Amino acid sequence: TSQAPVIAIDGPTASGKGTVAHRVADALGWHVLDSGALYRIVALIVQESGTDPEDKGTVAAIAASMEVRFSAGAVLMGERDISADIRQESVGNLASRIAAYPLLREALLQRQRAFRRSPGLVADGRDMGTVVFPDAPLKIFLEASVQARAERRCKQLMEKGISVNLESLAEDMRLRDERDRMRSVAPLAAAPDARVVDSSTLTIEETVAAVLDLWSGLGIRNDS
Ligand code: CDP
Ligand code: CDP
């Protein structure tokens, strides 16, 4: 097809998807889609506007009409930089709750597919390989143990000056994973044709190298 190639990277929270997706995209000179950011933006708007999160129709309408842009690594809503606001754990948890709504997922589908542009796209999320880009030539399911992921997220938050309890973070993670895996629409799951990469004991560099090796192993020309 004439469609630009996609590398889909799915997996549970803090498995390293975002970091790895950005590095792989840099290495290949491709575009990047952080699909979780879209769910987080909707969650932030719901939270700040005092919308009832159970009101599925309104939540989906917010997703359909919101005006957001990704620019040089920043997330902009109008003139406002909301990059930091959408990273709050409360926003991530709300994102995971509303992400179970089929209407919301539907409202975000075309927006996500519009990121697919030449020379290629690295997209990370939960359903990149299963729903949004089912024809992606390379699908990665990035795993890591809850312990490794909780430690990574803890370190990440501490670097931002936010102190958290490792145990409660791990517990929140288990709950979020379970909700993401059990929901009936687009559950977190490896596509049948995904390559499972466990990064529990890998460095970021090793994980990136593994993905790039899998990509070059496919022998697809990098200029479509
Ligand atoms: O996007 P996702 O929630 O899957 O994870 P991330 O935000 O990319 O990564 C979570 C944290 O784990 C970041 O601080 C990464 O630097 C770190 N990380 C790591 O220590 N080792 C890896 N192999 C991958 C990520
Ligand atoms: O950074 P982290 O992995 O914790 O979360 P994220 O990728 O920013 O996504 C936040 C929430 O949005 C997830 O817990 C999922 O419930 C939801 N999500 C989704 O349902 N589908 C996607 N493609 C991406 C995120």
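For the numbers below, each heavy atom of this structure counts, side chains included, while hydrogens, waters and symmetry mates do not. Owing to the predicted nature of the structure, the values given are computational and were not obtained by experimental measurement. Here, residue 1 is the first one in the sequence, and each next residue gets the next number. Counting convention: from 1, in listed order, for ligands and their atoms alike.
A donor-acceptor distance shorter than 3.5 angstrom exists from the side chain of Arg113 to the backbone of Val132, with no hydrogens or angles considered. No donor-acceptor distance shorter than 3.5 angstrom exists from the side chain of Ser96 to the backbone of Gly92, with no hydrogens or angles considered.
Of the polar atoms of Tyr39, none of the N or O atoms is found under 3.5 Å from an N or O of ligand 2, judged by distance alone.
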Let me have the donor-acceptor pairs involving side chains of residues 64-81, under 3.5 Å, with sequence neighbours excluded, atom names and distances please.
from	atom 1	to	atom 2	distance (Å)
Ser65	OG	Ala61	O	3.0
Arg80	NH1	Glu48	OE1	3.0
Arg80	NH2	Glu48	OE2	2.9
Asp81	OD1	Ser83	N	2.9
Asp81	OD1	Ser83	OG	2.4

With a 3.5 Å cut-off and sequence neighbours excluded, list the donor-acceptor pairs that the side chains of residues 97-104 form with protein atoms.
from	atom 1	to	atom 2	distance (Å)
Arg97	NH2	Glu54	OE2	3.0
Tyr101	OH	Pro53	O	2.6

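For Arg179, the closest heavy-atom approach to ligand 2 does not fall below 4.0 Å.
The side chain of Arg183, and not its backbone, has at least one atom closer than 4.0 Å to an atom of ligand 2 (non-hydrogen atoms only; side chain from C-beta on).
Ion pairing between Asp172 and Arg153 fails under the 4.0 Å rule for side-chain N and carboxylate O. Look at Glu178 and Arg174 and you find no salt bridge, because none of the NZ, NE, NH1 or NH2 atoms lies under 4.0 Å from a carboxylate O.
Between Ser118 and His31, the shortest heavy-atom distance links the atoms O-NE2, 3.1 Å.
Within ligand 2, counting atoms from 1 as listed, the ones closer than 4.0 Å to a heavy atom of Ala99 are 16 (O), 17 (C), 20 (O). Applying the 4.0 Å criterion to heavy atoms of Asp180 picks out, from ligand 2, the atoms 13 (C), 14 (O), 15 (C), 16 (O). Here is the list of ligand 2 atoms found below 4.0 Å of a heavy atom in Met128: 23 (N).
Among protein residues, Pro12, Thr13, Ala14, Ser15, Gly16, Lys17, Gly18, Thr19, Arg152, Arg153, Gln156, Leu202, Thr203, Ile204, Thr207 come within 4.0 Å of ligand 1, judged on heavy atoms.
Applying the salt bridge (Lys or Arg N to Asp or Glu O under 4.0 Å) rule to pairs touching residues 8-34 yields Arg23-Glu205, Asp34-Arg87, sequence neighbours excluded.
By the 6.0 Å contact criterion, NZ on Lys155 is open, its count of non-hydrogen atoms from other residues, nucleotides or ligands being 12 or less.
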